[in-house]
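In what follows, every chain begins at residue 1, and chains take the letters A, B, ... in the order their sequences are listed.
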There are 2 protein chains.
Amino acid sequence: MRIGELSRRTGASQRSLRYDEEQGLLTPTRLPNGYRDYDEHTVTTVRRIQVLLSAGLGTSAVAEILPCAVDDGVVLSGRCPELIEGLAKERHRINAAIGDLITARDILDSLVGRPLRAQAVPSR
Amino acid sequence: MRIGELSRRTGASQRSLRYDEEQGLLTPTRLPNGYRDYDEHTVTTVRRIQVLLSAGLGTSAVAEILPCAVDDGVVLSGRCPELIEGLAKERHRINAAIGDLITARDILDSLVGRPLRAQAVPSR
DNA sequence: CTTGACCTTGACGTCAATGTGAGGGTTTAG
DNA sequence: CTAAACCCTCACATTGACGTCAAGGTCAAG
């Protein structure tokens, strides 16, 4: 599929898709006329990218992570060896961010007079 | 207290503190020599600002929210009338962000082969 | 052949929060 | 008096993920 359809189907702007490619997150083939040609699978990949970026990972981090998840969604735990360390670090960052968000939400709630629920921090 | 001490006690850079003032988040008085003079209470305020900003709220949103929480930490549910709407919106945004973070964390976990736990999304 | 929808590359603009540096007062200690 | 540690106000630089515009190729329909 070409960039327009991919954009429509993912909600990502064409600019973003080209930017993702520039950053090594996507590697579409080219049609004879030079147009980008994405395969069906890419729709899923783009959604993953959107989630990871919106979670505050940088494009470079996503670029490291992404190729490990490419194959059919199969878990490739053993591969991507020295990467796991970085992942744990990102995971930690994310847990911290979740904590911050919950704290912020509690502040908002306290302003509205909404009682704070006791609730487990969703981490491990 | 002057800006140096406030910076040390909150971890915020002096630049950030001046920026926050420029954005209307802080309104220190001035000493005869022109130096900013913060009261004790400001330490708490700055911490709140840090949490809200790191939660993705913009300075303008924080500027709206903050004055409602100023008085001794007492809950001012009734006041700040038409603001509550905006707060609910921010709350929604935050919950969505939390959801994204959890999704992202799950992606990371699935890469490491860590099993996903069933867990409640911490919202209401 | 022309119109319009689609695609290309390239480059400059934006936004928010903050870094950084210049140039210059003030206050305390020696 | 002078150095050192504070503080001040500009004001330009930076970062990341885009938006936006320019100038132009491609292709199917009429």
Side-chain angles (χ1 to χ4, degrees), chain A residues 1-39 42 45-66 90 93-94 96-97 100-101 104, chain B residues 1-39 42 45-66 90 93-94 96-97 100-101 104:
Chain A
M1 105 198 50
R2 291 174 308 179
I3 199 170
E5 185 182 346
L6 181 60
S7 172
R8 259 170 267 130
R9 287 175 62 184
T10 59
S13 70
Q14 301 188 12
R15 179 65 172 90
S16 293
L17 295 173
R18 298 200 186 98
Y19 177 76
D20 288 350
E21 177 179 355
E22 187 184 316
Q23 302 300 309
L25 306 189
L26 297 175
T27 51
T29 58
R30 295 297 181 129
L31 296 171
N33 56 14
Y35 290 7
R36 271 163 261 254
D37 187 30
Y38 301 94
D39 60 21
T42 311
T45 304
V46 171
R47 298 228 173 87
R48 252 193 293 244
I49 292 175
Q50 290 175 321
V51 170
L52 291 171
L53 286 185
S54 90
L57 303 223
T59 44
S60 63
V62 179
E64 284 178 348
I65 290 169
L66 218 56
E90 286 294 349
R93 227 188 33 73
I94 289 179
D100 279 358
L101 285 174
Chain B
M1 101 198 54
R2 290 174 309 179
I3 198 169
E5 185 182 347
L6 181 60
S7 172
R8 259 170 267 128
R9 288 175 61 184
T10 60
S13 69
Q14 300 188 13
R15 179 66 172 90
S16 292
L17 294 173
R18 297 201 186 97
Y19 176 77
D20 288 349
E21 176 179 356
E22 187 182 316
Q23 302 300 309
L25 307 189
L26 297 175
T27 51
T29 57
R30 296 295 181 132
L31 297 170
N33 57 11
Y35 290 7
R36 272 163 261 255
D37 187 31
Y38 302 93
D39 60 21
T42 311
T45 304
V46 171
R47 298 229 173 87
R48 252 195 291 246
I49 291 175
Q50 291 175 320
V51 170
L52 291 172
L53 286 186
S54 89
L57 303 221
T59 43
S60 65
V62 178
E64 284 179 348
I65 290 169
L66 218 56
E90 286 293 350
R93 228 188 33 73
I94 290 179
D100 279 358
L101 285 173

Starting from [atom2] on [N], measure out to [atom1] on [X] and report it in whole angstrom.
{"X": "B/E5", "N": "D/dC6", "atom1": "CD", "atom2": "C1'", "value": "13 Å"}
{"X": "B/R30", "N": "C/dT26", "atom1": "CZ", "atom2": "P", "value": "14 Å"}
{"X": "B/L6", "N": "D/dC6", "atom1": "CG", "atom2": "P", "value": "15 Å"}
{"X": "B/E22", "N": "C/dT18", "atom1": "CD", "atom2": "P", "value": "12 Å"}
{"X": "B/R36", "N": "D/dC8", "atom1": "CZ", "atom2": "C1'", "value": "7 Å"}
{"X": "B/E21", "N": "D/dC10", "atom1": "CD", "atom2": "C1'", "value": "15 Å"}
{"X": "B/L17", "N": "D/dC8", "atom1": "CG", "atom2": "P", "value": "10 Å"}
{"X": "B/D37", "N": "C/dT26", "atom1": "CG", "atom2": "C1'", "value": "15 Å"}

Flag, side chain of B/S7 to backbone of B/I3, donor-acceptor distance under 3.5 Å: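 Pair absent, no side-chain N/O of B/S7 close to backbone of B/I3.
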Donor-acceptor contact below 3.5 Å, side chain B/D39 vs main chain B/T42: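 Here the side-chain-to-backbone pair exists.
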Polar atoms only, N or O, under 3.5 Å: list the protein pairs with nucleotides 25-28 of chain D and their distances.
residue: D/dG25; atom: N2; partner: A/Y35; partner atom: OH; Å: 2.6
residue: D/dT26; atom: O4'; partner: A/Y35; partner atom: OH; Å: 3.4
residue: D/dC27; atom: OP1; partner: A/N33; partner atom: ND2; Å: 3.3

Point-to-point distance, once rounded to the nearest 0.5 Å, from CG of A/L25 to CG of A/L52: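 Rounded to the nearest 0.5 Å, the CG-CG separation comes out at 9.5 Å.
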Spatial distance of atom CZ (A/R15) from atom CG (A/D20) [nearest 0.5 Å]: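 Reported to 0.5 Å precision, the distance equals 10.0 Å.
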Under-4.0 Å salt bridge between A/E21 and A/R30: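 Yes, charged N to carboxylate O under 4.0 Å.
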Salt bridge B/R2-B/E5, side-chain N to carboxylate O under 4.0 Å: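 Salt bridge flag = no for B/E5 with B/R2.
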Verdict with supporting geometry, B/Q14 and B/R18, side-chain contact (heavy atoms from CB on, under 4.5 Å): CA-CA 6 Å; B/Q14 300 188 13; B/R18 297 201 186 97; 3.4 Å; yes
Residue pair A/L17 / A/Y38, side-chain heavy-atom distance below 4.5 Å: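 Heavy-atom side-chain distance check passes, below 4.5 Å.
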Atom of B/A97, atom of A/L101 and distance for their closest heavy-atom approach: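 B/A97 and A/L101 have their closest heavy atoms at CB-CD1, 3.8 Å.
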So, is [X] close to the [N] phosphate, meaning a side-chain N or O under 4.0 Å from OP1 or OP2?
{"X": "B/T59", "N": "C/dA16", "answer": "no"}
{"X": "A/Y19", "N": "D/dA17", "answer": "yes"}
{"X": "B/R18", "N": "D/dA11", "answer": "no"}

Dump every N/O contact between nucleotides 19-21 of chain D and the protein below 3.5 Å, one line per pair.
residue: D/dG19; atom: OP2; partner: A/S13; partner atom: OG; Å: 2.6
residue: D/dG19; atom: N7; partner: A/R15; partner atom: NE; Å: 3.2
residue: D/dG19; atom: O6; partner: A/R15; partner atom: NE; Å: 3.4
residue: D/dG19; atom: O6; partner: A/R15; partner atom: NH2; Å: 3.0
residue: D/dT20; atom: O4; partner: A/R15; partner atom: NE; Å: 3.2

Sugar-phosphate only, base, or nothing, as touched by A/L31 at under 4.0 Å among non-hydrogen atoms: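 If one applies the 4.0 Å heavy-atom cut-off, A/L31 turns out to touch nothing in the nucleic acid.
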